[in-house]
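Please read these numbers as outputs of a predicted model, since none were measured by experiment. Whatever order the structure lists them in is the order used to number ligands and atoms, beginning at 1.
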Amino acid sequence: MFKSVSRQSTRLPVLSFGMILLSVLFIGTMTKVYGAESGSVQIKVDQVGYLPGSSKVAVVTAAAKSFEVKRASDNATVFKGELGPASPDADTGDSVQIADFSKLREPGTYYLDVLGVGRSWTFSIRRDVFSRAYYLAMRAFYGQRCGTAVDLGPEFPGYEHAACHLKGEFHTSSGREGERDNIGGWHDAGDYGRYVVNSGITMGTLLWTWEIFGSKVKGIKLNLPESGNGTPDLLNEARWNLEWMLKMQDEDGGVWHKQTSEHFSGFVMPEDDHLPSKVIGTGQEPYKSTCATADLAAVAAIAARVYQPFDAKFAARNLDAARKAWLWAEKFPNVTFKNPAGVNTGEYGDNYCGDERLWAAAELWRTTGEAAYNDYFVKHYPDFRLSLDKPAAEGWREVAAMGLWSYALGVRKGSDSDVVADIRKRTTRAAQAIVEQTKKNPYRVSLLAKDYVWGSNGIAANYGMELLVANSMAPDPSYVECAMDNLHYLLGRNTFSISWVTQVGANPYHHPHHRPSGAGKAAEPWPGLLSGGPNAGRQDDMLTKLPAALPPAKVYADDQRSYASNEIAINWQAPLVFLLAGTLP
Ligand SMILES: [Zn+2]
């Protein structure tokens, strides 16, 4: 049976060793000595920490009255407070008390001591407290690179793989045959497939991270093979996947849906997966599909803007690809994709591509200022405006919000001011609704009971992204605080008291559904990877084994076999990066 404490296993977090040492050093003088491994699961903190000026809240799920915040270096009490009244949380079944220590602003490393309960994991208060997490989360994309050898270097010895998937070929469903040079891109998730549609929302989110938070992230080196080439590292890493996406475009402008083997490989390292990597299409004319094509149009249109100052030739190539993709999607407005017979890798099926086309129109308008794209957007936007009223509004299948936000963020001469005003109004109204629902939640997370589905941690991150996008349209500190609340949930302030990012925080999860982590030599999984999170849908055997009456937020297993609750994926990694970037100084 699943118990959160049983997951600590033999893989001690890397930080523990340092903390144990620290504890030993103080053992002679202190009455109470804690190692980081002794944090109570009943005290939930953001294990990375809090910004000095932000609200600082921990959650306690054992009956208690008061708490103290102690400095980790000498166990001195720096703050005393009373716990809030107990309130029941239906999503977890927990009785929740809040420990608010927002007034503590002094930078340092601390833990909570709750009389009669125990102590929390350590956390820090610092202006740049999330910089390391950002570095690891963004660098995790480098670890997903396909078609090249990857080595995380002396910082993470043993985290490496040889060049993988060096041959591409056409599947019969693509309308072509023979070899195809489609080397590159990122492994999508725990598997080694590459999917244009999921790359679409991922790349949109990452390129927007640059557009909105470029001044915050530009100084953070990711130690990539390209580092120091004059292009910021976020854009260096994004380009690896973009180059592959561009290769998925046929000469007529259409884009094939995915490149994968016909079925998933075993839990082997990528270079040991010898299943042929095939470009897969719809199986009949025109073979390419509209959602993938319009997603490429949107992403390449953004790329044409953001790469312009660093590589004008590459920017122009992207704009040309975006235009060609746009024209193809006009000619074939809704060719949808289903796995052809004999193919059972991820489908990313979507029966409606109007939202992808809206997003492409918005990005092309924002980049070029050409009237045809504006006309299309203004004509079709009434069909999508209501999507902003249902946060979290964005995901790989639903990208209308990306189009609407982009139109309002990228106002230029000729933009329809009524449309812009309407989008801004709906976006801020949605942000206020998210703030309200988060205040009502005892754990201060934006997730509603219905949100505990496959990839719920990605939904939490996307709530955060939506709030930060609203903040960049109409600044409001409550949006930023609420976005941070979702980050705190992901980094430890949750019912399991675990950080859902590998090797981040004192008590991270250990067993992602991620082939290089499962098959690799290192004890800990590859660093910086966000877990999918609790999933009441229970689509795998590990989850169906859990007690039937479990509340939705508890349906999670830190087990490699739980692909439905513990897989990593680029589409939820990207909004984590976006959120972390927003917190940087
Ligand atoms: Zn590969």
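Within a radius of less than 2.8 Å around the Zn ion (ligand 1), the protein N, O or S atoms are C146 SG, C164 SG, H165 ND1, H187 NE2.
At a cut-off of 3.5 Å, with distance as the only test, no side-chain donor of S456 or D451 sits close to an acceptor on the other residue.
Heavy-atom contacts from other residues, nucleotides or ligands closer than 6.0 Å to CD of E155 number more than 12.
Qualifying side-chain contact (heavy atoms from CB on, under 4.5 Å) partners for L166, counting only residues two or more places apart in sequence or in other chains: A163, I183. Residues passing the side-chain contact (heavy atoms from CB on, under 4.5 Å) test with A189, sequence neighbours excluded: D191, E567, A569.
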Side-chain donor-acceptor contacts of residues 306-313 below 3.5 Å, not counting sequence neighbours, with atom names and distances?
{"residue": "Y307", "atom": "OH", "partner": "L235", "partner atom": "O", "Å": "2.7"}
{"residue": "Y307", "atom": "OH", "partner": "R239", "partner atom": "N", "Å": "3.3"}
{"residue": "D311", "atom": "OD1", "partner": "K313", "partner atom": "N", "Å": "3.4"}
{"residue": "D311", "atom": "OD1", "partner": "F314", "partner atom": "N", "Å": "3.1"}
{"residue": "D311", "atom": "OD2", "partner": "R239", "partner atom": "NH1", "Å": "2.9"}

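With contacts defined as side-chain heavy-atom distances shorter than 4.5 Å, the pair S277/K167 does not qualify.
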